[in-house]
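Quick note: numbers below take in every heavy atom, side chains included, and nothing from hydrogens, waters or symmetry partners. Please read these numbers as outputs of a predicted model, since none were measured by experiment. Residue numbers begin at 1 in each chain, while the letters A, B, ... track the order of the sequences.
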Amino acid sequence: MLEERILEFARLLRKGGVNVSVTQVTAAIQAAAAVGLAQEDFYIALLSTLVVDQIDQPLFDKLFRLYFFSLEPGVIQKNINYEEQDTEQLTVGMQLVDSIEGIGTGRGAGASPYLLLVKAVRETNYPLLRRLGEMGVESLGELEQEAVAEIDKLVDQAKVAIGWYQAVNTLEKIRVQEKVSEIRYSKWLECLSFLEKYMESLLEDLLVKKFGYDAIEEIALAANIKEKEFYRLDQLEIQEIRKQITKMARKLASRYARRYRRAKHGKIDLRRTIKNAMINGGTPVRLKYRKRVISKPELILLCDVSGSVALFSEFMLQLVYTIQNRFSHIRSFLFVNTVDEVTEYFKNNSIEEALEKAFAKARYAMSPFSDYGRVFRQFEKEYLPTFSPQSTLIILGDARNNYRHDEKDSLQRIGEQVRRILWFNPQPRDEWNTEDSIIGIYAPYCRQIFECRNLKQLEEVTEAIL
Amino acid sequence: MFQSREELEKKLAEYHYLIDRDVATVVYLAVKLQKPLLVEGPAGVGKTELAKALAAVTNSRLIRLQCYEGLDEAKALYEWNYQKQLLCLHLKQNQSKSWHEAKDDIFTREFLLRRPLLDALESTEPVVLLIDEVDKSDEEFESFLLEILSDYQITIPELGTIKAKRVPLTVLTSNNFRDFGDALKRRCVHLYLDYPTFERELEIIRLKVPGIDQLLSQQLVSFVQVLRKQDIKKPPSIAETIDWARSLLTLCVSRIDADIVQSTLSILLKYQSDIDKILPRVSSLLPDD
Ligand SMILES: Nc1ncnc2c1ncn2[C@@H]1O[C@H](COP(=O)(O)OP(=O)(O)O)[C@@H](O)[C@H]1O
Ligand SMILES: [Mg+2]
């Protein structure tokens, strides 16, 4: 029973993009058995065994709450007097709440909710904040199953209903007029972000109670940016992806590490030293070192940076340069309808700086429309003679050629010069070869073409080149 | 070792290491499940101290492996003392043995330089193995640690397999200087140590700086807590709060005001840029009352 619940919970975490291994689940089960099912202890048992990365904790907390409180409340023993504190402070606020709802008749009658919100924040009155949050969510009426997909939007509606934006404006004015100190002000901000989170969690809770496991599953999936298509990412998610890429890079790098490759000069190989000494009549003449075994691939990256493909190219460059010591040599090129080498930018700059400079300074576009044919021709003429036959050429792009010449012969000759061509395509596979996509025409000259539309696939393709 | 979490909490408190119930639960779990404990968190929150405290309260020997860039097996596990080996070989030169015979003479325990990890594996007394600041080591070293922490045994080609006499209580710490590999993390029980709450920090101060005035300690801790929320390079840690409290005590300060904070700020903030940022704002960061 308990084991099943933990297993199912771990499955939810995975849906949310948190990698949980079998070892971890086993540890979680043992841990729960060791500390018991009191809410707090059970939570710590799962948290300390299932979450290896701080980044994942907010999602863990959310899913834990939804699964073990809203959906399967029978598993854990809840703390007594949970959330029962400070009821006293509430009564004052409640009269006012009633008054807006048209029940009360006192001085506050007719008060608009935003004034209440201002009051709650100024007094850092959490019970009143909660009550307001509940009002906001109630104002949304009956919730349909589709609502699960748009919780953000609903939270925003709930905010409007309680006069959030007016309140924030008013608070800003008060802050200036009354010269509110920084600490007070930061407490106000805490109140507001509490309220926002509280409404979100109320909504999720309602949805899970109403639609069951499916709702949690969908909430988990929505949180999983690893499977979200690059072109649908918002600014915050892009930041997050950048962090994840750095992490992923480290992971990939260490997986391919070999024990003896570490030492700069290699280790002293005593066997060989002594054998050598035996030959010389027992006197060790010189120390022998173990040789380092190296077989690192050489990489050439040819990146389309037009429109929506640019972000994908940027991610790939970030990833590859983070693990650049796994390659003997990397050269990189950007193009839209003309191509420019950007390798140098990565030599003496941090990766962020290099990316910024490369995108700002390189000459890769004379028009906003990509022209693969023209680029391949130029690439062949200007750069091909400088590539070693050992190198792997990776082309990043959607092969949407704006109906221009394909110049496939050029690509063929390039393919004959290098070890292999791999193509990473960020466009969904079912859109390949529709409209102006000509990936099929180039396919014969590539060893392999990969679909690469989200972080998960980016990780997979990177493994392919290591 | 200890029978319950409560006992662990109590013993650590006697050692003057104060922890919350949640932290105690995780430490207790690591011991109970015989898994390495990975402690992460900002500098100065008591990660290293936790391992030391654990060693003290479990009457174990503390074996510490401090990680750094370039640390390798030779420095962490064992190394052949080749100078001694060569010398020995040289002395026996006249016996004109074959390489095969000579080899047996010099690849023995006598010529082995034990480093912390081997020391911990071979120890017969209880040990706490502290692998401090793993994030400072190289990615390659991690995979090696992973091997050792998976089955607590190692193979020395010339000597065979050495298995731990008893699984040491292993504590790994990390400042998140570098985000290290997941595989190693998955082996461990996780503890995220954050800056203490107001109440907890107050208790620590009163314990470590006896004789400090009640009101003063409250004021100073709440200022430090506010400071940590500011956007600065290095927020003050518990160690800095303790230092500050001691200084204020020595200076016979009884109440905190802007002047005093300004003149002692360098005890709390280690970067000049942080000091420059905070100095002009001190009065607005002090408690209202
Ligand atoms: N929970 C605690 N109880 C008592 N003292 C603590 C606690 N945490 C930290 N300290 C104090 O803070 C100092 C710094 O801790 P340390 O272990 O060096 O930090 P870290 O290893 O996390 O950088 C310790 O020497 C100790 O005096
Ligand atoms: Mg330390």
Side-chain angles (χ1 to χ4, degrees), chain A residues 19-21 23-24 26-27 30-31 33-35 40-41 43-45 47-55 57 179-186 190 243 246-251 253-264 267-268 270-271 273-275 277-278 281-284 287 325, chain B residues 5 21-23 25-26 28-30 32-33 35 37-38 40 70 72-74 80 82 85-86 89-90 92-94 96 98-99 102-103 106-107 138-144 146-147 176 178-192 226 229-230 281 283-288:
Chain A
N19 281 320
V20 178
S21 72
T23 330
Q24 285 177 284
T26 316
Q30 291 170 342
V35 296
E40 235 174 274
D41 298 338
Y43 166 79
I44 292 293
L47 178 69
S48 65
T49 47
L50 296 177
V51 175
V52 299
D53 197 324
Q54 262 331 91
I55 290 180
Q57 195 181 335
K179 298 203 176 66
V180 172
S181 77
E182 282 189 55
I183 341 176
R184 287 260 325 266
Y185 182 63
S186 71
E190 276 170 30
K243 273 192 249 161
T246 310
K247 224 188 100 203
M248 198 163 93
R250 303 247 146 86
K251 205 173 78 189
S254 67
R255 194 177 314 159
Y256 291 87
R258 289 288 171 273
R259 272 171 81 164
Y260 282 94
R261 235 190 250 166
R262 171 182 337 116
K264 288 235 162 48
K267 296 184 122 187
I268 290 171
L270 202 65
R271 269 191 209 88
T273 306
I274 292 171
K275 267 192 189 150
M278 292 304 195
T283 315
L287 295 176
N325 57 358
Chain B
R5 176 186 57 204
R21 178 194 161 103
D22 288 355
V23 175
T25 307
V26 183
Y28 175 72
L29 274 174
K32 211 52 199 193
L33 305 188
K35 282 183 170 269
L37 175 67
L38 171 59
E40 292 188 279
D72 60 9
E73 278 171 75
W80 287 108
Y82 71 89
Q85 286 175 318
L86 291 177
L89 222 52
H90 194 66
K92 292 185 180 172
Q93 212 181 91
N94 304 334
S96 64
S98 72
W99 156 241
K103 190 186 79 171
I106 56 165
F107 286 105
D138 308 310
E139 283 150 13
E140 286 87 347
F141 186 69
E142 270 168 33
S143 4
F144 160 70
L146 180 64
E147 280 178 44
N176 277 323
R178 177 176 72 77
D179 196 12
F180 63 99
D182 278 356
L184 184 55
K185 290 181 172 180
R186 288 182 206 294
R187 283 270 149 217
C188 304
V189 170
H190 259 249
L191 174 61
Y192 186 77
V226 170
K229 289 190 190 145
Q230 307 307 309
R281 292 171 45 213
S283 36
S284 81
L285 294 176
L286 281 170
D288 284 327

Does a side-chain heavy-atom distance below 4.5 Å link [X] with [Y]?
| X | Y | value |
| --- | --- | --- |
| B:H190 | A:L47 | no |
| B:R5 | A:D41 | yes |
| B:L29 | A:Q30 | no |
| B:K229 | A:I183 | no |

Atom pair OG1 (A:T23) and CZ (B:R186), whose distance is rounded to the nearest 0.5 Å: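 Between atom OG1 of A:T23 and atom CZ of B:R186 there are 8.5 Å.
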Rounded to the nearest 0.5 Å, what's the gap from CD on A:Q54 to CD on B:E40? Could you check?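 Reported to 0.5 Å precision, the distance equals 6.5 Å.
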Minimum heavy-atom distance A:S181-B:S284, with the two atoms named: CB-O, 3.9 Å
Among the options A:A31, A:S48, A:S21, pick out the one with the most heavy-atom pairs lying under 4.5 Å from chain B.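 Looking at each option in turn, the highest pair count goes to A:S48.
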Select one option (side chain, backbone, both, neither) describing which atoms of B:V189 are under 4.5 Å from chain A's heavy atoms. both
Select one option (side chain, backbone, both, neither) describing which atoms of B:L285 are under 4.5 Å from chain A's heavy atoms. both
Side chain, backbone, both or neither: which part of A:Q57 has a non-hydrogen atom closer than 4.5 Å to chain B? neither
Output the option from B:L33, B:V26, B:T25 having the highest count of non-hydrogen pairs under 4.5 Å with chain A. B:L33
